[in-house]
Protein chains: 2
Amino acid sequence: MKMHNPPHPGEILRELCIEPLGLSITEVAEALGITRKTLSSILNGRSGISPEMAVRLSLAFGTSSESWLNQQSQYDLWAAEKKRKELKVKKLSAA
Amino acid sequence: MKMHNPPHPGEILRELCIEPLGLSITEVAEALGITRKTLSSILNGRSGISPEMAVRLSLAFGTSSESWLNQQSQYDLWAAEKKRKELKVKKLSAA
DNA sequence: CAAAGTGTAACTTATAACGTTACAGGTTAC
DNA sequence: GTAACCTGTAACGTTATAAGTTACACTTTG
């Protein structure tokens, strides 16, 4: 019930992890073991954070993989909830 | 840190929502607005619960979409965490 | 200016969710 | 036992997305 247009996780990654440490995208991508492009896509909200990427972020930044993946879930769910009214679903109860 | 081989969400869906209400897969699929095949894939763990599916389940069973998607995330993360040691990621700190 | 590094866009590939159709096995009802 | 229904699954196509490879534009530095 907290629909506040959550920022995409890439934004959080950039502002809370990369910028504070003064790191470049190139060195972060290398540390994560992914390409610059893949990281760029995440930072700009064109890609989401996959479960494996959540573990990579966890390893690189010492955070929990769960928190990264949950942020992604909340973001995806916010997008899906916007279409709630368009879904033709019938309420179910005991047969 | 709670790695207990979580059940896939389809199992929970079957045991907590479908069986207690005495519903058939056919009628649940129709109510959700999806095909029997799609529901069958979820129940047997061959497909995950997408964000939109979480909203559909929420509408049909009166639960929260968040809880469904979180269950899926935990399940996906459990699978990803098993490969944590194989990932070549370097720890990052200030430049 | 030239060279190196950085960010990003195109293009390609792989995987996954979902639908359509069809088939096989199992219940239940008449 | 035959008909009707439920369930699972397989083959196929569509669409979406994560990720890599390549290439281009914009710095910054020598």
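Letters go in sequence order (proteins before strands), and every chain restarts at 1.
- Annotation: side chain of A:Arg56 is in contact with side chain of A:Ile34 (closest heavy-atom distance under 4.5 Å).
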Salt bridge (Lys or Arg N to Asp or Glu O under 4.0 Å) evaluation trace for B:Glu81 with B:Arg84: CA-CA 5 Å; B:Glu81 283 287 356; B:Arg84 170 180 281 264; 2.7 Å; yes

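- No side-chain heavy atom of A:Lys83 sits less than 4.5 Å from a side-chain heavy atom of B:Glu52.
- Looking only at side-chain heavy atoms (C-beta outward), A:Leu77 and B:Glu66 come within less than 4.5 Å of each other.
- Under the 30°/60° scheme for interplanar angles, the aromatic rings of B:His8 and B:Tyr75 are found to stand perpendicular.
- Residues of residues 84-91 of chain B that place a heavy atom closer than 4.0 Å to DNA chain C do not occur.
- Residue A:Lys88 places its NZ atom among 12 or fewer non-hydrogen atoms of other residues, nucleotides or ligands, all under 6.0 Å distant.
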Begin from the C-alpha positions of B:Gln74 and B:Asn70 and carry the test side-chain hydrogen bond (donor to acceptor under 3.5 Å, both in side chains) through to its verdict. CA-CA 6 Å; B:Gln74 293 309 309; B:Asn70 279 343; 5.8 Å; no

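- Within residues 7-17 of chain A, no residue approaches DNA chain D, by heavy-atom distance under 4.0 Å.
- For A:Ser73 and B:Ser73, the side-chain atoms include at least one donor-acceptor pair closer than 3.5 Å.
- Side-chain contact check for A:Trp68 and A:Ser58: no donor-acceptor pair (N or O, by modelled atom type) lies under 3.5 Å.
- Contact check of residues 30-38 of chain A against DNA chain C (heavy atom, cut-off under 4.0 Å) returns A:Arg36, A:Lys37.
- Residues from residues 43-62 of chain A with heavy atoms under 4.0 angstrom of DNA chain C, sorted by number: A:Asn44, A:Arg46.
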Step by step, would you call B:Ser40 with B:Asn44 a side-chain contact (heavy atoms from CB on, under 4.5 Å)? CA-CA 6 Å; B:Ser40 173; B:Asn44 293 290; 3.4 Å; yes

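- A:Thr26 has a side-chain polar atom (N or O) that falls below the 4.0 Å cut-off from OP1 or OP2 of C:dG7.
- End-to-end axis angle for the helix from C:dC1-D:dG30 to C:dC30-D:dG1, using five pairs per end and rounding to 10°, comes out at 20°.
- Side-chain contact check for B:Phe61 versus B:Leu13: some heavy-atom pair is nearer than 4.5 Å.
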Could you walk me through whether B:Leu32 and A:Leu87 pass side-chain contact (heavy atoms from CB on, under 4.5 Å), step by step? CA-CA 9 Å; B:Leu32 290 171; A:Leu87 299 177; over 6 Å; no

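- Shown here for A:Ala29 and A:Leu39, the closest heavy-atom pair between the two residues is N-CD2, 3.6 Å.
- Once you apply a 4.0 Å limit to the heavy atoms of chain A, the touched nucleotides of DNA chain D run 5' to 3' over D:dA18 to D:dA23.
- Side-chain contact between B:Ile18 and B:Leu43 is present, with at least one heavy-atom pair separated by less than 4.5 Å.
- In summary, the side chains of B:Thr38 and B:Ser41 do not present any donor paired with an acceptor at a separation below 3.5 Å, with no hydrogens or angles considered.
- Counting only heavy atoms from C-beta outward, the side chains of B:Ile42 and B:Met53 approach each other to under 4.5 Å.
- Looking only at side-chain heavy atoms (C-beta outward), B:Val89 and A:Leu57 stay at 4.5 Å or farther from each other.
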